[in-house]
K.L.:
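Here it is, the structure, as structure tokens.
Bear in mind that the values here come from a model prediction, so they are computed numbers and not experimental data. Numbers restart at 1 for each chain; the letters A, B, ... are given by sequence-line order, proteins then strands.
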Protein chains: 4
Amino acid sequence: MAPKRVDRAARREDVLDAAVRVFARRGFAATRIEDVAAEAGIAKGSVYLYFDSRDALLRAAFARVAARSERLTAAAARPGRPAVQRLADLVRGAVAMLAAEPDLARIMVDLWSTGRARPGTPPGGTAAPALDLAEVYRAYRSVIADLLAEAGRDGDLRPGLGQAEAAVVVAAIEGALVQWLVDPEVPFADLADPITTTCLNGLRPRP
Amino acid sequence: MAPKRVDRAARREDVLDAAVRVFARRGFAATRIEDVAAEAGIAKGSVYLYFDSRDALLRAAFARVAARSERLTAAAARPGRPAVQRLADLVRGAVAMLAAEPDLARIMVDLWSTGRARPGTPPGGTAAPALDLAEVYRAYRSVIADLLAEAGRDGDLRPGLGQAEAAVVVAAIEGALVQWLVDPEVPFADLADPITTTCLNGLRPRP
Amino acid sequence: MAPKRVDRAARREDVLDAAVRVFARRGFAATRIEDVAAEAGIAKGSVYLYFDSRDALLRAAFARVAARSERLTAAAARPGRPAVQRLADLVRGAVAMLAAEPDLARIMVDLWSTGRARPGTPPGGTAAPALDLAEVYRAYRSVIADLLAEAGRDGDLRPGLGQAEAAVVVAAIEGALVQWLVDPEVPFADLADPITTTCLNGLRPRP
Amino acid sequence: MAPKRVDRAARREDVLDAAVRVFARRGFAATRIEDVAAEAGIAKGSVYLYFDSRDALLRAAFARVAARSERLTAAAARPGRPAVQRLADLVRGAVAMLAAEPDLARIMVDLWSTGRARPGTPPGGTAAPALDLAEVYRAYRSVIADLLAEAGRDGDLRPGLGQAEAAVVVAAIEGALVQWLVDPEVPFADLADPITTTCLNGLRPRP
DNA sequence: GATGAATGAGGCTTCATTCAT
DNA sequence: AATGAATGAAGCCTCATTCAT
């Protein structure tokens, strides 16, 4: 029974892989279950062996985005080097990761709008477990805010930096991502440096 | 034969107003023609008196977003004051405008994903005049890059700044917007200052 | 008030003229009230000043077809010349009239199918005054059958000819019409002679 | 992956059978997809498993009419007996077939009007392979014209008969059909003899 | 009388989901 | 488990008809 489980889980991942690809290509709204099935090389009905509904597929894709984000911040939280450097690494790492996985990046943008108010959500309230994108970004900012504060105490950045500045750093990354997705000629990966230096210089102590 | 005292164009704007509100509330994908009609206080079929199709409504909404963006950059291009200041004004103006018209802002986010590969586009190819969001952002960056260069020549910012840094500035604005839309507790309007100072300080000449 | 009446009737005819042209061009099914209005050079709503409904327009068009048919047979019933000749004249006259008024002819073909079971007709039965096309053809055949019988008594055709042979004569005309309408290269007007001679020869007494 | 024991093609035929019945009963224009589905005993949406659109259903019905017509003329073209007799057989066969399949016959009449200028045809131009009814009748007349010419050489009919007389023969059949469809009391099947004898006698050599 | 804006019922088509095989 | 045929709810759009001006 154990191998069965593994198989099942592996198959599920395969389907999700396919879904992510199609979601990235056509967007959620335009993606039909059949598209996902075709991309996964299985029959339409078989998708339902692994996911309860179209919505569940969407939520699973969201979970991937969230997990990736978490992995990223987790790495940055590890101490051992100066906070400014860990911050710089975090920014560079985030850009690199988004650039390396454009499909997930595209889905994230879709989530920005879809996550807001899903059609399925009944006016009453208790819908499916919400795609808590807000929480993801809150955590993201928290980690950065902590690093900013620490770097402030280290004297590498201005003291007193907090949530607002963390939001600016996150903004620079996500905003650059948007421009790349909207216009593939924008060299997103190459923006890692300008983003890092601009933000960090901008937050240095005034001479 | 009398031109009918109902002003066609005004009525069309009313419907578009309604559409923008609903698009912002539910997203494009989830918005049905009937929702727009209800919001406008007219019958479903009446929407078609003013717009050829659901897609035309979407395109008109895009045009509003694009027009607003243009108004913004046009103001910044007017000379008369130092480039750094005009740049700072542009950033603050952009944030203020987005904060003041959250509906259009939300639609813009929808456009980021929808604009990519619209489902409506017939396989044949030449559909309606594409929602050229890329062009909007290209123009946006251009204006900012010009200001950066000018400020460089003024000695207010580093010399040699260009497209990349312009992208970072745009990114900071749009990225902050995203965080606000995803999480209304993010004080977007208040981020105008942190964004402006961080970016401009970060681009100052090194002492 | 009298001139008003005349005006009104004349306008009504104008609208019907327009309707006949459009019906002939696009067929009933594909003709919208607006098409008729445009062809008549009036507004959509004005059509309803002269006709109660789309269906009434159709019925009026039918009436024209029927009236024309009646005029035709009426002429043939007038005595004074040998029956065979009146018969030949009737056939030639029918062809000439149909060829001269292709619009009405096209409408007649539409009536063959539409007249059968109009959508509006409730399953129960009592719909609008039916388009009694059957009656039109019955009268048509009657007149011809009478002429055949008379020509039989005259010794110009075989005796004992009746409804069946009348149907064949009518058939030759209407069937030729169909071929012309389906394929404009068929020289309908020129078929008057072949139809007349074939039928009349075919009904001559055997030598 | 098993080919599913339901034969797709057979099922498609079933649906087409149902469509033909409904088309015959209500006419094309008045037939909704739901009517066809109900007649076939399936759900509305299921019709689309077998036909791409309402129009495709119409075209398939046309194909049946055309195929039947072809079968008929093919039989007549086979030599072996005198041409006059084959001609007589063709006429009788045509009437018998039309009388035996009144549904297809009714559809044919619908095609006479629908085939002309189908509403479905996009303004662009090249829609689906047009319902080339003209071609069907052209072929029909050709076969008959050949038989007439051969019978002329045999001395059974007048020499020099051609397209015009062929049109008259076709006309007699189709025209009789019309009268029957318009008025079910017309004994169409019994008209086979009057048509045959009238036409063939009418085309005999003059004594 | 004329108009044409407004209405809303109705038809076509799509597609998430189910289920018999 | 896997399939894909079948379903039917929903959404887009059209157009006959009404009605205020």
Side-chain angles (χ1 to χ4, degrees), chain A residues 4 7-8 11 30-37 41-57 119-120, chain B residues 1-8 11-12 29-37 40-57 119-120, chain C residues 4 7-8 11 30-37 41-57 119-120, chain D residues 1-8 11-12 29-37 40-57 119-120:
Chain A
K4 273 278 178 64
D7 270 15
R8 200 186 138 77
R11 293 292 252 156
T31 298
R32 296 164 303 139
I33 286 287
E34 185 148 24
D35 297 329
V36 173
I42 61 177
K44 191 172 27 159
S46 302
V47 172
Y48 287 87
L49 296 173
Y50 305 104
F51 294 91
D52 282 346
S53 67
R54 187 175 179 275
D55 213 62
L57 215 37
Chain B
M1 200 152 269
K4 210 74 179 185
R5 58 236 74 233
V6 195
D7 187 352
R8 247 198 104 82
R11 220 89 168 81
R12 197 186 135 103
T31 298
R32 293 161 302 133
I33 286 287
E34 185 151 24
D35 297 328
V36 174
I42 61 178
K44 201 180 8 165
S46 302
V47 172
Y48 289 89
L49 294 173
Y50 304 103
F51 294 91
D52 281 346
S53 67
R54 189 175 177 279
D55 209 61
L57 212 40
Chain C
K4 274 278 178 66
D7 269 16
R8 199 186 139 76
R11 294 291 252 154
T31 298
R32 295 164 305 138
I33 286 287
E34 186 148 26
D35 297 328
V36 173
I42 61 177
K44 191 171 28 159
S46 302
V47 172
Y48 287 86
L49 296 172
Y50 306 104
F51 294 91
D52 283 345
S53 68
R54 187 175 179 273
D55 214 61
L57 215 39
Chain D
M1 201 154 268
K4 211 73 178 185
R5 59 234 75 235
V6 195
D7 187 353
R8 249 198 104 82
R11 219 88 169 81
R12 197 186 135 104
T31 298
R32 295 161 302 133
I33 286 286
E34 185 150 25
D35 298 328
V36 174
I42 60 178
K44 202 179 8 166
S46 302
V47 172
Y48 289 87
L49 294 173
Y50 304 103
F51 294 91
D52 282 345
S53 67
R54 188 175 177 279
D55 210 61
L57 212 40

K.L.:
How does each nucleotide of nucleotides 10-16 of chain F score, in 5' to 3' order, for protein heavy atoms under 4.0 Å: base (B), sugar-phosphate only (S), or none (-)?
P.N.:
BSSBBSS
K.L.:
Which whole-number value in Å describes the distance from C:Phe51 CZ to E:dA2 C1'?
P.N.:
16 Å
K.L.:
Supply the atom-to-atom distance A:Thr31 OG1 to A:Leu57 CG, rounded to the nearest 0.5 angstrom.
P.N.:
9.0 Å
K.L.:
With heavy-atom distances below 4.5 Å as the criterion, would you say the side chains of A:Phe51 and A:Val36 are in contact?
P.N.:
no
K.L.:
Just verifying a value: how many Å separate C:Ser46 OG and C:Ile33 CD1, rounded to the nearest 0.5 Å?
P.N.:
11.5 Å
K.L.:
Nearest 0.5 Å, what's the NZ-CD distance between B:Lys44 and B:Glu34?
P.N.:
5.0 Å
K.L.:
Rounding to a whole Å, what distance do you find between D:Leu49:CG and E:dT18:C1'?
P.N.:
14 Å
K.L.:
If only side-chain N and O atoms of B:Arg11 are considered, is one of them under 4.0 Å from the OP1 or OP2 phosphate oxygen of E:dA6?
P.N.:
yes
K.L.:
With sequence neighbours excluded, what pairs up with C:Arg32 under the salt bridge (charged side-chain N to carboxylate O under 4.0 Å, His left out) test?
P.N.:
C:Asp35
K.L.:
Taking side-chain contact (heavy atoms from CB on, under 4.5 Å) as the definition, give me every residue that meets it alongside C:Tyr50, ordered by chain and number, with sequence neighbours left out.
P.N.:
C:Arg8, C:Arg11, C:Arg12, C:Val15
K.L.:
Hey, does the side chain of D:Arg8 come within less than 4.0 Å of F:dG4's phosphate (OP1/OP2), counting only N and O?
P.N.:
no
K.L.:
Does C:Ile42 or B:Ile42 map to a spot on DNA chain E nearer the 5' end, using the closest nucleotide for each?
P.N.:
C:Ile42
K.L.:
Only counting residues at least two apart or in another chain, list the ones meeting side-chain contact (heavy atoms from CB on, under 4.5 Å) with B:Ala40.
P.N.:
B:Ala18, B:Ile42
K.L.:
Using a heavy-atom cut-off of 4.0 Å across all strands, would you classify A:Tyr50 as base, sugar-phosphate, or nothing?
P.N.:
sugar-phosphate
K.L.:
What's the shortest heavy-atom distance between B:Arg54 and B:Ala29, and which atoms?
P.N.:
NH2-O, 3.5 Å
K.L.:
Starting at the 5' end of DNA chain E, write a dot or bracket for each base, bracketing those in Watson-Crick or G-U wobble pairs whose two distances are under 3.5 Å and using | for partners on another strand.
P.N.:
.||||||||||||||||||||
K.L.:
How close or far is atom P of E:dT17 from atom CG of A:Leu57, stated in whole angstroms?
P.N.:
10 Å
